[in-house]
Amino acid sequence: MKQKAAFFAISALPLAFGTTTYAQDIPINYSLFGTPGLLEMPSAHTAPEGTLATSLSYQEGLIRATATFQLTNRLSASARYSIVDVYDDPTTNILSDEFERSFDFHYRLNNEGAFLPAFAVGVRDMFTPGRFGSEYVVATKSIGDNLTVTGGIGWGAMGTRDGFSNPFSGLDERPVFDDADSDGQLASDYWFRGDAAAFGGLTYQFNERWGAVAEYSSIAYPEASGSPALDGTSPYNFGVTYRPRPGVQLSLASLYGSEVALSGTFTLNANNRPAMSGIDAAPAPIKARSAAERNEQTWDRTTAPEAGLRAALTALLEIEGLTLTGLEVTDTTARVRYTNGRYRSDAQAMGRVARMMTQVMPNSVQTFTVEPQKRGIPVSAVTFARSDLEDLENRPGAAAALYQRAEFADAGRVDSVPAAQTDDPRFSWGLGPYLTINPFGSNGSVALDTGLSLRGRYEFSPRLVASGAIVQSIVKADADDPTEATSNGIHKVRTNGSFYGDDGVPVLQNLTLSYFGRPGNNLYSRATVGYLERMYGGISTELLWKPVDSPFGLGGELNYIAQRNTDMAFGFDEFEYDVVTGHLSAYYDLGNGIHTQLDVGRYLAGDWGATVSIDREYDNGVRIGAYFTQTEISYDDFGDGSYNKGVRISIPQDFFTGQPTRRSYGTTIRTRSGDGGAQLEVDGRLYGIVRDAHTSDLKDTWGRFWR
């Protein structure tokens, strides 16, 4: 009864202090788990939509690295890696220095009101064996401009201190934690089961930089199998926070009356890049015609020959980092093909092309068609009335108005526009550093490789390109060489990946010849042959159907590949393994930057299954996505949950610098690189190349047309 009374007292705190202040100006406090909360306990708060928070916390025997992303206004998800070395009692039978990974979900049920607190429900460490697995319901209320009060109830690890009977009827028994549970399975049979316990706390912000946190933790850390053997003599935790600048939180905490913890959290919002709208150079103004010039019906080709127009437009586009690849001009129309080597937004590149066309084209030309070209193939055709460009340039709502008046269509055949000669060199190369981290190898250890990469590229034609890379590893950390090529009848298609190129000499990362084509309307093709990636060589073919104005696309990929030798030279004999692999793929753009993909087919180990992917791309180019793969392989053979899963993040360079560039930085946070559900890594897959210049993606960044 005393425990129940304590719970209801803590849970009632947010209601008891209700005031008319409910707009949350108090900064979000991030916990040691890298999520909005107190110190170890969660709160009901959520960050603004699009916020990505990366956090690193340290205390003796426990290091956590967490990435938390606010998927929607109310839903957030977290992925966490932990190094756990707090099992001092040998009777626990748990390895020290364990490398754990966990995933969390948190959903805020309502907005905080004048008197009503925000309520949220969440699951922490949602996959087995979930060493810190917990579920919770929590309420948080802002009091004035500086204070927040939080109270809640937790299950699992959060229900181990002074617990009471489960308030949900029929959920009194929780499965016993077992370190031998199938790794990576969704632990839904644990959720909200077993004893519950109360938790609560306060945060107080003294000023913009300094704050304080106090909490009553419901995690007991008992010395039992599956639980950290911490000396938790007290349930009370205290901490101070320091924010030296927006987006940075540093914390120092006293835990359980015996431990000290440090953490740092860094946030950015995909909707608000640090460089604001960018610092790219101002575009050339539209060259407007007079009323008489607009009435001209033809142009004098003796004084303004087409070759002169081509040369002038080529020079102007080069200033913008664009390359003219095709030009067709009649008395009333002009059609331009180009490649964009500078601007992340294809809409912005189109705007720059259209502006330059007004500077060059004869007055009689009434219609402009611009066709972006990628990998040598035209991917769309956007047509404008020249008068619309002249009339709308400086008007409010110009971008939306021009989008409504523009016509979007397929660009058609490759040879439908006369090609333009370019001065771009056929051969290009570069030398730079690389860093590869595989957090989960076959034995759960971290594999790290860093060194120098020499890359080269030769264009026989815009559509036929040879490329390759030679890498020299400088620092490489992995385990012993593999002793066998198969395990349980499944070939080691990925689990021996960290052993490739470990002889200390330069190795051939890849060497390919690729051809891109347009076999028909709305159709795109690719064929790649050679050493496709560090582990496999062979041939990869792909066909994509994707209408310009449709959110839907269909594709198919077929590969015949063989596994390379671990010396990463030119041999294939070491493992004597070859396989036919491929997928049928469906793509759908849900709008608001949300892209979905379903791949069904055969994977590298010969297993059949499917991969589901969902990605959110913001107008600033930031991409956050997740995927999971399920195949026919059993858990015992597959390992790690019988399916692959992961989170991927990509941030464009111009997000930080404001300078226009198409470069980006990305990483994937995944479970161990198992052999089941493994896919070929090949450059130039078509959907990612094509969709940027199709209607849905163009609409998302059309506001940059006039920049």
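Note that the structure is predicted; figures quoted are calculated from it, not measured. Numbers here simply count residues along the sequence, with the first being 1. Hydrogens, waters and symmetry mates play no part in the numbers below; they use all other heavy atoms, side chains included.
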Engineer: As an exercise, state the distance from OG of S134 to CH2 of W191, rounded to the nearest 0.5 Å.
Structural biologist: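 S134 atom OG to W191 atom CH2 measures 13.0 Å (nearest 0.5 Å).
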Engineer: Where the side chain of E215 meets the backbone of S217, is there a donor-acceptor pair that is under 3.5 Å apart?
Structural biologist: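 Such a contact is absent between E215 side chain and S217 backbone.
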Engineer: Regarding Y603 and T629, is there a side-chain donor-to-acceptor distance under 3.5 Å anywhere?
Structural biologist: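 The criterion, which ignores hydrogens and geometry beyond distance, is not satisfied for T629 and Y603.
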Engineer: Is the ring centre of Y242 less than 6.0 Å from the ring centre of W210?
Structural biologist: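 Yes, ring centres under 6.0 Å apart.
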Engineer: Using modelled atom types only, decide if a donor and an acceptor are shared between the side chain of D104 and the backbone of G122 within a distance under 3.5 Å.
Structural biologist: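 Not a single qualifying donor-acceptor pair exists.
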Engineer: Within 45° of the axis and under 6.0 Å from the centre of the six-membered ring of F33, does NZ or CZ of R64 qualify?
Structural biologist: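 Checked: cation-pi criterion met.
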Engineer: Side chains of V248 and L250: does their closest heavy-atom pair fall under 4.5 Å?
Structural biologist: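 Answer yes - side chains close enough.
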Engineer: Under a 3.5 Å cutoff, is there a donor and acceptor pairing between the side chains of R494 and Q679?
Structural biologist: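 On atom types as modelled, these side chains do not qualify, holding no pair under 3.5 Å.
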Engineer: How about S218 and R161: does a side-chain donor come under 3.5 Å of a side-chain acceptor?
Structural biologist: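 There is no such pair (donor and acceptor under 3.5 Å, judged by atom type) between the side chains of S218 and R161.
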Engineer: Between the side chains of Q348 and R707, is a donor N or O closer than 3.5 angstrom to an acceptor N or O?
Structural biologist: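 The answer is no; no qualifying pair exists.
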Engineer: Taking E40 first and then R124, would you say they form a salt bridge - that is, a charged N and a carboxylate O separated by under 4.0 Å?
Structural biologist: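 Not counted as a salt bridge, because no side-chain N and carboxylate O are separated by less than 4.0 Å.
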Engineer: Please round to the nearest 0.5 Å and tell me the distance separating atom CG of L268 and atom CD1 of I651.
Structural biologist: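 Reported to 0.5 Å precision, the distance equals 5.0 Å.
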Engineer: Which value, rounded to the nearest 0.5 Å, describes the distance between D619 atom CG and N271 atom CG?
Structural biologist: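 D619 atom CG to N271 atom CG measures 7.5 Å (nearest 0.5 Å).
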Engineer: Donor-acceptor check, side chain of S263 to backbone of L32, threshold 3.5 angstrom: yes or no?
Structural biologist: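 Not confirmed, S263 side chain does not pair with L32 backbone.
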Engineer: Any side-chain to backbone donor/acceptor pair from N166 onto F192? Under 3.5 Å, distance only.
Structural biologist: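 Flag set: sc N166 to bb F192 pair under 3.5 Å.
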Engineer: Taking the basic N atoms (NZ, or NE/NH1/NH2) and the acidic carboxylate oxygens, is any pair closer than 4.0 Å for R648 and D615?
Structural biologist: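 Yes.
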Engineer: Do N29 and T203 have side-chain atoms, one donor and one acceptor, less than 3.5 Å apart?
Structural biologist: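 Not at all, the side chains of N29 and T203 share no donor-acceptor pair under 3.5 Å.
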Engineer: Evaluate the criterion side chain to side chain donor-acceptor pair (under 3.5 Å) for residue pair Q59 and S57; output intermediate values, then yes/no.
Structural biologist: CA-CA 7 Å; Q59 65 192 73; S57 67; 5.9 Å; no
Engineer: Pair W155, F168 - check ring pair (Phe, Tyr, Trp, His ring centres under 6.0 Å), show working.
Structural biologist: CA-CA 11 Å; W155 290 259; F168 297 141; 5.4 Å; yes
Engineer: Do S345 and T701 pair up side chain to side chain, a donor and an acceptor below 3.5 Å, judged on atom types alone?
Structural biologist: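 There is such a pair between these side chains.
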Engineer: Looking at D654 and R344, does any basic side-chain N land under 4.0 Å from a carboxylate oxygen?
Structural biologist: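 Salt bridge between D654 and R344, a charged N being under 4.0 Å from a carboxylate O: yes.
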Engineer: Is there a side chain to side chain contact (heavy atoms under 4.5 Å, CB included) between T150 and V138 once you walk through the steps?
Structural biologist: CA-CA 7 Å; T150 293; V138 61; 3.4 Å; yes
Engineer: For residues Y216 and Y236, establish whether the separation of their ring centroids is below 6.0 Å.
Structural biologist: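 Yes, ring centres under 6.0 Å apart.
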Engineer: Within the side chain of S31, is there an N or O that forms a donor-acceptor pair under 3.5 Å with the backbone of P42?
Structural biologist: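 A pair under 3.5 Å: no.
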Engineer: Please determine if K141 and E112 form a salt bridge, counting it only when a charged side-chain N lies under 4.0 Å from a carboxylate O.
Structural biologist: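 Yes, this pair counts.
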Engineer: With a 4.5 Å limit on heavy-atom distance, are the side chains of D589 and D697 in contact?
Structural biologist: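 Yes, side chains in contact.
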Engineer: Is there side-chain contact between I143 and T148, with heavy atoms separated by less than 4.5 Å?
Structural biologist: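 Of all side-chain heavy-atom pairs linking T148 with I143, none is under 4.5 Å.
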Engineer: To the nearest 0.5 angstrom, please state how far the OG atom of S650 sits from the CZ atom of F655.
Structural biologist: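 It comes to 11.5 Å.
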Engineer: Are the aromatic rings of H595 and Y588 close, with centres under 6.0 Å apart?
Structural biologist: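 Not under 6.0 Å, so no.
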Engineer: Could you walk me through whether V121 and L109 pass the side chain to side chain contact (heavy atoms under 4.5 Å, CB included) check?
Structural biologist: CA-CA 7 Å; V121 60; L109 300 171; 4.2 Å; yes
Engineer: For residues E49 and T51, is any side-chain donor paired with an opposing acceptor at under 3.5 Å?
Structural biologist: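 No, T51 and E49 have no side-chain donor paired with an acceptor closer than 3.5 Å.
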Engineer: Would you check, one step at a time, whether the test side chain to side chain contact (heavy atoms under 4.5 Å, CB included) holds for F103 with D125?
Structural biologist: CA-CA 5 Å; F103 295 87; D125 206 353; over 6 Å; no
Engineer: Using side chain to side chain contact (heavy atoms under 4.5 Å, CB included), reason through R616 and N592 one step at a time and then give a plain yes or no.
Structural biologist: CA-CA 8 Å; R616 172 73 187 275; N592 198 30; 3.5 Å; yes
Engineer: Taking the side chain as C-beta and beyond, is there a heavy-atom pair between L56 and I63 under 4.5 Å?
Structural biologist: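 Yes, their side chains come closer than 4.5 Å.
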Engineer: Would you tell me whether S102 and R80 have side-chain atoms, one donor and one acceptor, within less than 3.5 Å of each other?
Structural biologist: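 On atom types as modelled, these side chains qualify, holding a pair under 3.5 Å.
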Engineer: Between T140 and A44, is there a donor-acceptor pair closer than 3.5 Å when you use the side chain of the first and the backbone of the second?
Structural biologist: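 Yes, T140 side chain to A44 backbone: donor-acceptor pair under 3.5 Å.
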Engineer: In Å, rounded to the nearest 0.5 Å, how long is the span from CG of L75 to CZ of F69?
Structural biologist: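 That separation rounds to 10.5 Å.
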Engineer: Is the side chain of R662 donor-acceptor paired with the backbone N or O of Q653 at a distance under 3.5 Å, no angle test?
Structural biologist: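 Pair absent, no side-chain N/O of R662 close to backbone of Q653.
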Engineer: Counting distance only, does the side-chain N/O of W702 pair as donor-acceptor with the main-chain N or O of A347 below 3.5 Å?
Structural biologist: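 Here the side-chain-to-backbone pair does not exist.
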Engineer: Rounded to the nearest 0.5 Å, how far apart are CD1 of I689 and CZ of R691?
Structural biologist: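 These two atoms lie 11.5 Å from each other.
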Engineer: Do F206 and Y204 have ring centroids that are under 6.0 Å from one another?
Structural biologist: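 Yes; F206 has its ring centre under 6.0 Å from that of Y204.
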Engineer: Do any N or O atoms from the side chain of R243 and from the backbone of R245 form a donor-acceptor pair under 3.5 angstrom?
Structural biologist: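 Checking the backbone N and O of R245 against the side chain of R243, no donor-acceptor pair under 3.5 Å is found.
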Engineer: Walk me through whether E135 and R174 qualify under salt bridge (charged side-chain N to carboxylate O under 4.0 Å, His left out).
Structural biologist: CA-CA 12 Å; E135 306 80 53; R174 187 181 185 94; 2.8 Å; yes
Engineer: Taking G163's backbone N and O only, do any of them form a donor-acceptor pair with D195's side chain (distance below 3.5 Å, no angle check)?
Structural biologist: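 Looks like no, no N/O pair under 3.5 Å.
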Engineer: Quick one: do R685 and D599 make a salt bridge, cutoff under 4.0 Å?
Structural biologist: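 Salt bridge absent between R685 and D599.
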